[in-house]
Amino acid sequence: MTPDELIATASDQSSFQVALKKVDAKKHIATGIVYVPNVLDTHDEMMLAADVELMAHRFMLGLKNNQIDLMHGNRVVQATAVESFIARAGDPDYPEGAWVMSIKVDDAKLWGDIESGKYNGYSVETYITKVDADVELTFYPHVFGHTEKTDGHDHVFFIQIDADGKINGGETSAGEDGHVHKITFGTATDMAEKHAHRYRLP
């Protein structure tokens, strides 16, 4: 099936989250990856580069750039997609084939929440057709690293991963005020002290 045919017959709803990369405080523009092809997401699913590109193009062709909501609440906020592109090979900031978007935020409270890290990534919701695929995984039973900064600080994180690539649990080091984040899923820590931190697996 071609990507067009797959989308035309889509019946399963799916969503995925990725972290913001840049925040322009003067222009109130937040930029980040919407989706990276050929990488398993938090639902153990992935999309091919052609599918990601098609999804990005259909978003713009469908004039959905002002259909931005929060936490899949389906209530449009004062934010508009002002730039959308597919990263080319050699891009210094984004992996090849990734869909990257910038949104301009006109709501002062929402912008404050983005700057504080309360909202720190995109989460796309779309209809898809699932197709089984064999993928090759590199297995790391224990992973250490640094979270991204939120609320002016970061943490060291540690997670345990089983042979199927599922996170068995983890947590961060303590912050200056002693707070610790538990980790139960694969893109961000759990909330603590009214914020969470994004992190990336190798």
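Excluded from the calculations below are hydrogen atoms, water molecules and symmetry mates; all remaining heavy atoms, backbone and side chain alike, are included. For reference, positions follow the sequence shown, starting with 1.
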Are the side chains of Tyr199 and Val143 in contact, using a 4.5 Å heavy-atom criterion? no
Review point. Is it the case that one hydrophobic cluster holds both Val124 and Met71, taking links as side-chain heavy atoms less than 4.5 Å apart, direct or via other members?
Key: yes
Looking only at heavy atoms, the pair that brings Ala87 and Pro95 closest together is CB-O, 3.3 Å
OG1 (Thr80) and CD1 (Ile68) are apart, to the nearest 0.5 Å, by 7.5 Å
- Geometric class of the His155/His197 ring pair [parallel <30°, tilted 30-60°, perpendicular >60°]: perpendicular
Taking C-beta and beyond as the side chain, do Val156 and His146 meet within less than 4.5 Å on heavy atoms? yes
### Query
Can you find a heavy atom in the side chain of Glu148 that is under 4.5 Å from one in the side chain of Asp154?
no
Note: Ala81 and Ile103 closest approach over all heavy atoms is CA-CG2, 3.9 Å
Ring pair (Phe, Tyr, Trp, His ring centres under 6.0 Å) test vs Trp99 passes for just one of Phe85, Phe59, Tyr94, Tyr122, namely Phe59
In short, Tyr35 meets Val52 closest at the heavy-atom pair CD2-CG2, 3.6 Å
For His142 and Phe158, take the angle between the two ring planes, folded into 0 to 90°, and tell me which bin it lands in: parallel under 30, tilted 30 to 60, perpendicular over 60.
parallel
Do Lys194 and His179 make a side-chain contact, defined as non-hydrogen atoms from C-beta onward lying under 4.5 Å apart? no
Output for pair (His195 NE2, Met191 CE), nearest 0.5 Å, gives 8.0 Å
All heavy atoms of Ala196 vs all of His181, minimum pair found to be CA-CE1, 4.1 Å
In this structure, CG of Leu48 is separated from CG of Leu54 (nearest 0.5 Å) by 11.5 Å
When rounded to the nearest 0.5 Å, the distance separating CD1 of Ile86 from NE2 of His57 is 5.5 Å
Here the pair of heavy atoms bringing Ala98 nearest to Val36 is CB-CG2, 4.1 Å
Q) Under 4.5 Å between side-chain heavy atoms, hopping through other hydrophobics if needed: is there a path connecting Val34 to Val82? A) no
Same apolar cluster (I L V M F W Y, side chains within < 4.5 Å links), Phe144/Ile161: no
For Val180 and Ala174 the tightest heavy-atom approach is CG2-CA, 3.8 Å
Subject >> Close side-chain approach of Val77 and Asp107, heavy atoms under 4.5 Å >> reply: no
So CD1 of Ile33 and OG1 of Thr31: to nearest 0.5 Å the spacing works out to 11.0 Å
Q.
If you apply the rule side-chain contact (heavy atoms from CB on, under 4.5 Å), what do you find for Lys104 with Ile29, and how did you get there?
A. CA-CA 4 Å; Lys104 181 170 178 55; Ile29 293 177; 4.1 Å; yes
The reported gap from CG in Asp151 to CD in Glu193 (rounded to nearest 0.5 angstrom) is 9.0 Å
task = Decide yes or no for Ile183 and Phe157: does some side-chain heavy atom of the first lie under 4.5 Å from some side-chain heavy atom of the second?
result = yes
- request: Under the side-chain contact (heavy atoms from CB on, under 4.5 Å) rule, what do Asp91 and Glu96 come out as? Steps first, then yes or no, please.
  value: CA-CA 7 Å; Asp91 189 299; Glu96 181 179 356; over 6 Å; no
